[in-house]
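Below: the structure, in structure tokens.
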Amino acid sequence: MIPDVSKALLWLEKHYTILEGIQRGLERETLRILPDGTLSKTPFPTEIGRALTHPWITTDFAESMLEFITPVNTNIDYMLTFLRDLHRYANVNINNELMWPLSMPCFVAKEADIILAQYGSSNEGLFKTLYREGLKNRYGAMMQTISGVHYNFSLPMAFWQARDGIKNAEEGADIISEGYLRITRNYYRFGWVIPYLFGASPSVCGSFIKDPEKLKEFNKQTNGSCYLPYATSLRLSDIGYTNNAQKQLGITFNKLDTYVEGIRKATHTKSTEFSQLGIKVDGKYRQINDNILQIENEFYAPIRPKRVPKKDETPSAALLRGGIEYIEVRSLDINPFSPIGITEEQIRFVDLFLIWCALAPAPEMSSEELQCSKVNWNRVIMEGRKPGQIISMGCESYQQPLAKVGHDLFSDLLRVADVLDHNDPQKRYRKVCERLDTMFDNPELTLSARTLQAISDMGTSTFGLALAKQYKQQLNAEPLQVLTESDFAYQKNQSIAKQQLKEQNQTVTFDEYIKQMEQ
């Protein structure tokens with residue numbers, strides 16, 4: 001079941017310094033709520049700055065949906081402290097509001113209560129809001145308020161130089177891209193381990209389940225929550241944010257050019273379903289266009305190959321220009337037991353797993369096999385903690401108990417951990433491995449089991465509000481550690497000036513701007 005990685009591990013153990021300098025970044029989403037638990041309707045706090053142009057604190061889908069972004073860094077402790085400083089600062093500047101600590105929202109009585117993120121009067125800002133208008137009309141606003149953590153990861157150049165003999169990133173762009181696509185394919189095959197260990201959305205509010213037949217499958221709580229007894233991450237399920245139209249795209253991760261071609265095709269292919277919405281009706285835009293994807297970022301995936309784009313460059317153009325620079329892991333639920341939604345343990349595990357994915361053989365995957373791989377994901381998402389749960393390979397051609405596959409994987413991960421720990425007297429990666437490995441025999445230790453237990457004891461709303469209030473007090477009592485008030489004041493003023501400049505430098509109408517963006 002688990003591919004033979006023994007030769008690659010031996011090679012890694014001989015080259016133990018090549019993993020020094022892994023680059024990482026985090027993005028954490030959370031909803032601003034009032035003390036009674038209802039969704040905030042106030043604008044993005046002016047004391048923080050402008051969401052359009054602030055590099056660290058912005059909004060995602062809704063005006064009440066904060067997104068915290070850390071710069072790229074090689075030090076895990078620094079990155080997490082930076083993220084915590086962003087939370088500390090925002091916590092003060094949202095006044096009496098709280099940050100909802102769960103992935104799945106609650107207390108959203110009706111979709112009309114959800115105000116789309118606003119970015120000012122520049123064409124760029126209006127375009128971002130229109131994109132969200134399209135998402136709302138296509139999939140519903142409620143689904144877009146589901147929150148997660150995205151983890152950006154890139155291997156050091158020394159890894160590629162030792163493994164493939166390349167001189168630098170420019171000359172080795174094709175080889176590095178192939179390496180990241182290898183990681184992506186292995187992530188599709190084995191990444192279900194992440195929701196198994198760290199899924200934290202085993203329940204949802206009943207309003208999320210539109211299909212009455214689907215609703216019958218759920219256990220109900222008196223407070224209106226619906227749960228599945230062995231679920232791990234309903235956020236990643238079909239009742240979370242998925243795009244049914246995308247399932248027919250056949251996008252694969254074998255070659256960079258074919259991946260980009262598939263994405264671009266989706267942004268230029270009309271959707272029968274979305275065409276029925278109309279684009280501009282009675283003088284008001286409902287979506288950017290009626291294609292399967294309005295823009296490339298609408299493509300839903302648990303992991304994405306990425307490169308930082310230049311000004312006015314699309315994500316796919318950036319990839320074709322310079323190759324894959326890093327990958328974005330998108331399957332992490334908000335960890336409700338952390339004030340910042342993620343822990344050091346989770347970061348270290350994902351590091352280990354992605355390195356293993358880079359080492360393990362990764363045969364090319366057809367679109368059919370890609371769909372088959374999602375069977376394992378769905379098993380784990382919907383009933384991962386079920387006793388005797390199995391994992392299959394290929395299209396159900398071979399099966400093994402999930403616990404056995406997990407233990408086999410961790411025997412490899414322990415060796416990767418020892419390489420990463422070669423200069424660490426605390427052996428932190430090894431400790432992570434040893435602790436998490438026990439969860440395959442003791443699923444009650446997983447995040448989803450702990451979350452479900454708390455929700456069963458207290459109810460979703462009481463549990464979430466209690467944590468939100470606890471974290472409010474906790475963060476308020478903590479001083480900034482790596483950032484200063486001056487740093488935040490500078491970024492605030494810079495963001496205001498940058499947005500004003502964008503609004504003053506308009507050269508075309510919004511209609512013309514949309515046409516330009518479509519070309």
Give a yes or no on whether a salt bridge exists between [X] and [Y], defined as a side-chain N under 4.0 angstrom from a carboxylate O.
X	Y	value
Asp351	Arg24	yes
Asp60	Arg28	no
Glu369	Arg189	yes
Arg84	Glu478	yes

Residue set satisfying disulfide bond (SG atoms under 2.5 Å apart) with Cys372, at least two apart, ordered chain then number -> Cys395
Hey, can you tell me if Tyr187 and Trp377 have their rings parallel, tilted or perpendicular (30° and 60° cut-offs)?
-> tilted
For the residue pair Phe349 and Phe198, does the interplanar ring angle fall in the parallel (under 30°), tilted (30 to 60°) or perpendicular (over 60°) class?
->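 Rings of Phe349 and Phe198: perpendicular, as their planes differ by over 60°.
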Close aromatic pair by centroid cut-off 6.0 Å: Phe353 and Phe190 |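 Aromatic pair excluded; centres sit 6.0 Å or further apart.
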Measure from NZ or CZ of Lys306 to the centre of the six-membered ring of Tyr326 and say whether it is under 6.0 Å with the direction within 45° of the ring axis.
-> no
Decide if atom NZ of Lys220 counts as having more than 12 heavy atoms of other residues, nucleotides or ligands within a radius under 6.0 Å.
-> yes
Tell me, yes or no, whether the heavy-atom count around Tyr490 atom OH, taken from other residues, nucleotides or ligands under 6.0 Å, exceeds 12.
->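 Count not over threshold, so no.
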Decide yes or no for Arg379 and Ile390: does some side-chain heavy atom of the first lie under 4.5 Å from some side-chain heavy atom of the second?
->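 SC-SC contact between Arg379 and Ile390 confirmed.
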